[in-house]
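Residue numbers start from 1 in every chain, and the chains themselves are labelled A, B, ... in the order their sequence lines are given, proteins ahead of strands.
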Amino acid sequence: MARAEFQTLPGTRDLLEPESGRVRALVERFAIEAERAGFGLIVPPMFEDVGVFVRIGEASDIVSKELYDFEDKGGRDIALRPEFTASVCRAFAETRPLIPWKTWYSGPSFRYDKPQKGRYRQFEQVGAEVIGSDDPDLDTELIALAWRFFQRLGLTDVVLLLNTLGDFAERPVYLEALSAYLAANADRLSDQARITMAVNPLRVLDSKRPQDAEVVADAPLMVDYLSDDAAAAFDRVRQGLRALGVPFEEAPRLVRGLDYYTRTTFEFVAAGLDAAQTAIGGGGRYDGLVEALGGPPEPGVGFALGVDRTLLACDEQGVFEPVDRPVDVWVVATTAGTEGLQLVEELRSAGIAADRSYDGRSMKAQMKAANRSQAPIAVIVGEDELAAGTVSVRTLRGEGRQAPVERSQVVARVEEMVRSSPS
RNA sequence: GUGGCCGUAGCUCAGUCCGGUUAGAGCACCUGGUUGUGGUCCAGGAUGUCGGGGGUUCGAAUCCCCUCGGUCACCCCA
């Protein structure tokens, strides 16, 4: 049981077929959508100088308690990325690609928090970012990209929550109003909310505790403090989404986990999932982040989707299910020579997916393996075939029809069968 | 980080409350069912230091403590 000498570390796991293939398929779908929209792939390192991530917000839980960090042998302070956005901004500042720079990514991110369903210390994300333009149409296109992706997967119960956090310029005014309000009502807030209030008053709005609901409901909202520019940009995004037919819900209290967000913020929520992991993706604008990382003052916008949670949502809806991809042919060889070895390799070289049994198993055992593999065809070589210079080709679905084929014609015959009945 | 629940064959689980002979079931796996052919059926077979360590006891999978892991909730988020 749990007797293996080594086990995966907490919050990590091995993904095996068919689940692993499903993850790969999902990433491929995302890649198609992203590249169709003009995004190029970036593969940044999985770990960075801890400073890269600290800049995304020291007051955020992601940095203050969930950073998976350590010191390397060179005495450097390192952290495994908790998300891609900071790395993308760092990469932009470092390599200075042409703007607007549109890039997409996939891969693991790491957060040192307590694992539970849909929440792992190593989790898979896909996402896209654009750096170098503050055109709100980009916000809209990014949202549309994610939305289209969900649609293609067959997810229909995803809800898009939309908000704006305004610009850094006007935020202090709002924060002051919010803080004053919260302080005045502190006695009605939960203990947790009072702690949060001191660190980051904005996040109190995000409290899901019933005790805080009343105070939160009457709190001043950012939308009432927007600059004309920020308000116009938000209008433009809403207008764009309506024009594209992407449904959204305005969520004036939506505050996301990172401190760097400005203007548009959004979150994708899967209605069917348990409260703990309903957020299957999110993003927004981060117009000061590149500069905070030592780059030029270029604006940015992007989103990330949680692959594991998206898959949970798919399970919930019974869409995008894992599929077995059996080989085309199973080679059954009972001869003492290298006939089996040569046959599989010949088939593989011809582009046909082929596998076989090993360890000199009996014909019966090999046929069982062939059946179990779900391959539609078995190519059989025994002493009789060897003497006759043939192989027996047998269908494995249905009743099983078998016919001899000249050894030299095997690949041609199998190709023909595979093509005529695509599995 | 805080709290609840859980940890027995590859998998799903019974047995744990009321300690007691060789720890069980189903599925999966392996072999065979007359000498070269799978999917159904029949017969047989292998597998567990009962998560790990310590303690109580004549005796512990069963009780106690610690520890590791999982899971769920909170927090927060993907």
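- Comparing A:Thr8 and A:Gln402 by the nucleotide of RNA chain B that holds the closest heavy atom to each, the one mapping nearer the 5' end is A:Gln402.
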### Message
Show, in sequence, the C-alpha distance, side-chain angles and deciding distance for A:Thr12 and A:Gln122, and conclude whether the side-chain hydrogen bond (donor to acceptor under 3.5 Å, both in side chains) test is met.
### Response
CA-CA 6 Å; A:Thr12 66; A:Gln122 175 175 334; over 6 Å; no
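- Here A:Arg394 lies in heavy-atom contact (under 4.0 Å) with a base.
- Taking the nucleotide of RNA chain B with the nearest heavy atom to each of A:Lys114 and A:Glu385, the more 5' of the two is matched to A:Lys114.
- With respect to A:Glu339 and A:Arg356, no salt bridge is recorded, no charged nitrogen being found less than 4.0 Å from a carboxylate O.
- With salt bridges taken as basic N to acidic carboxylate O contacts below 4.0 Å, none links A:Asp218 and A:Arg188.
- Residue A:Ile380 is in base contact, counting any heavy-atom pair closer than 4.0 Å across all strands shown.
- For residues 352-364 of chain A, proximity to RNA chain B is found at A:Arg361, A:Met363, A:Lys364, defined as any non-hydrogen atom under 4.0 angstrom from a strand atom.
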N/O contacts under 3.5 Å, protein versus nucleotides 42-47 of chain B?
none

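- Across all strands shown, the partner of B:rC74 is B:rG1, judged by Watson-Crick or G-U wobble contacts whose two distances both fall under 3.5 Å.
- Using the Watson-Crick or G-U wobble rule with both distances under 3.5 Å, B:rG26 pairs with B:rC11.
- By the 30° and 60° cut-offs, the orientation of the rings of A:Phe84 relative to A:Tyr105 is parallel.
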